[in-house]
Amino acid sequence: QVDLVESGGGLVQAGGSLRLSCAASGRSFGSYGLGWFRQGSGKEREFVAAIGTTWSGGITNYADFVKGRFTVSRDNAKEIMYLEMNSLNPDDTGVYYCAASGQFEGAVKMAWQFNYWGQGTQVTVVS
């Protein structure tokens, strides 16, 4: 069991940056594959980025629309995952969710592969 709490969302102008955090509480944080998803208004939830466990080599995976702009990382000692977001544009607006997988150690990207979800944090990008 792991509880996840996102923070760091807010309002930012196009071209700006934000850093989201996902704080976890529970056992064996380092053994969970982690991911970020987002959901815009009226849209389906979509994969953004993922990072595997240390034993997987910390492999990362990104959606094509964030490659080169977003960076996912994790600090197992602090039990926090981060999403550094740069060059934001209005299409990045949405609620961002972090997720943890107790079954998959790699950087998986399907929602069904994640057992635990946070409540989300709102990101709004204005032009």
Side-chain angles (χ1 to χ4, degrees):
Q1 177 71 35
V2 61
D3 296 319
L4 304 171
V5 178
E6 304 92 339
S7 61
L11 179 70
V12 64
Q13 287 194 325
S17 299
L18 282 174
R19 187 176 79 160
L20 304 184
S21 298
C22 174
S25 60
R27 295 183 175 181
S28 304
F29 175 80
S31 67
Y32 290 90
L34 302 173
W36 288 99
F37 290 76
R38 72 185 187 187
Q39 187 167 17
S41 180
K43 298 181 180 180
E44 300 271 328
R45 187 173 298 191
E46 61 183 356
F47 168 75
V48 175
I51 185 166
T53 64
T54 301
W55 298 282
S56 75
I59 189 171
T60 57
N61 193 3
Y62 296 94
D64 286 344
F65 53 77
V66 303
K67 283 182 180 177
R69 299 190 299 127
F70 291 10
T71 302
V72 62
S73 61
R74 64 191 295 166
D75 185 330
N76 290 335
K78 295 181 178 179
E79 297 189 337
I80 299 178
M81 174 177 61
Y82 301 100
L83 184 68
E84 187 75 37
M85 306 188 295
N86 298 311
S87 302
L88 286 162
N89 61 66
D91 288 339
D92 294 316
T93 294
V95 179
Y96 282 69
Y97 299 90
C98 67
S101 173
Q103 295 176 292
F104 298 93
E105 294 189 0
V108 296
K109 63 178 183 178
M110 304 300 290
W112 65 265
Q113 293 173 305
F114 293 88
N115 312 81
Y116 308 103
W117 294 83
Q119 293 300 305
T121 185
Q122 176 71 43
V123 172
T124 302
V125 185
V126 296
S127 57

Exercise for the section: Flag the pair Asn115 / Ser101 as yes when at least one side-chain heavy-atom distance between them is below 4.5 Å, and no otherwise. Expected result: yes
Handout entry: In one Ile/Leu/Val/Met/Phe/Trp/Tyr side-chain cluster, 4.5 Å: Tyr32, Phe114
Key = no
Practice task
Mark yes or no for whether Arg74, through its side chain, and Gly52, through its backbone, hold a donor-acceptor pair below 3.5 Å.
Solution key: yes
Handout entry: Heavy-atom pair of closest approach, residues Ala14 and Ser127
Key = CB-CA, 4.1 Å
Handout entry: Minimum side-chain heavy-atom gap Met110-Phe104 below 4.5 Å
Key = no
Practice task
Would you mind reporting whether Tyr116 and Leu34 have side-chain heavy atoms less than 4.5 Å apart?
Solution key: no
Practice task
May I ask you to check whether over 12 heavy atoms, not counting those of Ile59, lie within 6.0 Å of atom CD1?
Solution key: no
Practice task
Quick one: pull up OG in Ser87 and CZ in Arg69 and give me the separation to the nearest 0.5 Å.
Solution key: 7.0 Å
Handout entry: Shortest non-hydrogen contact between Ser56 and Glu105, atoms and distance
Key = OG-O, 3.4 Å
Exercise for the section: Start with the C-alpha distance between Leu88 and Phe70, add both sets of side-chain angles, then the distance that settles side chain to side chain contact (heavy atoms under 4.5 Å, CB included), and finish with yes or no. Expected result: CA-CA 9 Å; Leu88 286 162; Phe70 291 10; 3.8 Å; yes
Problem - Exercise: identify the closest heavy-atom pair between Gly9 and Val123 - result: CA-CG2, 4.1 Å
Practice task
Kindly say whether Val125 contributes a backbone atom to a donor-acceptor pair with the side chain of Thr93 at under 3.5 angstrom?
Solution key: yes
Problem - Val5 vs Asp3 side-chain heavy atoms within contact, under 4.5 Å - result: no
Problem - Nearest heavy-atom neighbours spanning Val2 and Ala100 - result: CG1-CB, 4.0 Å
Handout entry: Flag side-chain contact, heavy atom, 4.5 Å: Arg19 against Tyr82
Key = yes
Exercise for the section: Please check if the side chain of Glu46 supplies one atom and the backbone of Arg38 the other of a donor-acceptor pair under 3.5 Å. Expected result: no
Practice task
Using a 4.5 Å cut-off on heavy atoms from C-beta on, say whether the side chain of Val12 contacts that of Met85.
Solution key: no
Exercise for the section: Group every Ile, Leu, Val, Met, Phe, Trp and Tyr by side-chain heavy-atom contacts under 4.5 Å, then state whether Val72 and Val108 land in the same group. Expected result: no
Practice task
Could you tell me whether Gln119 atom CD has more than 12 heavy atoms of other residues or ligands within 6.0 Å of it?
Solution key: no
Problem - Where Ile80 and Ser21 come nearest, the two heavy atoms and their spacing - result: CG2-CB, 4.2 Å
Completion exercise
OG1 (Thr54) and CG (Asn76) are apart, to the nearest 0.5 Å, by 4.0 Å
Practice task
Group every Ile, Leu, Val, Met, Phe, Trp and Tyr by side-chain heavy-atom contacts under 4.5 Å, then state whether Val48 and Val95 land in the same group.
Solution key: no
Problem - Min side-chain heavy-atom separation Thr71-Tyr62 under 4.5 Å - result: yes
Problem - Phe37: which of Tyr97, Trp112, Phe47 passes ring-ring contact (aromatic ring centres under 6.0 Å, His included) - result: Phe47
Completion exercise
To the nearest 0.5 Å, atom CE of Met81 lies from atom CG of Asp75 at 12.5 Å
Handout entry: Contact summary for Trp55 and Ser31, nearest pair of heavy atoms
Key = CZ3-CA, 3.6 Å
Practice task
Find out if a path of hydrophobic residues (ILVMFWY) with successive side-chain heavy-atom gaps under 4.5 Å connects Leu83 to Leu11.
Solution key: no
Handout entry: Trace of the side chain to side chain contact (heavy atoms under 4.5 Å, CB included) decision for Phe65 with Asp91
Key = CA-CA 10 Å; Phe65 53 77; Asp91 288 339; over 6 Å; no
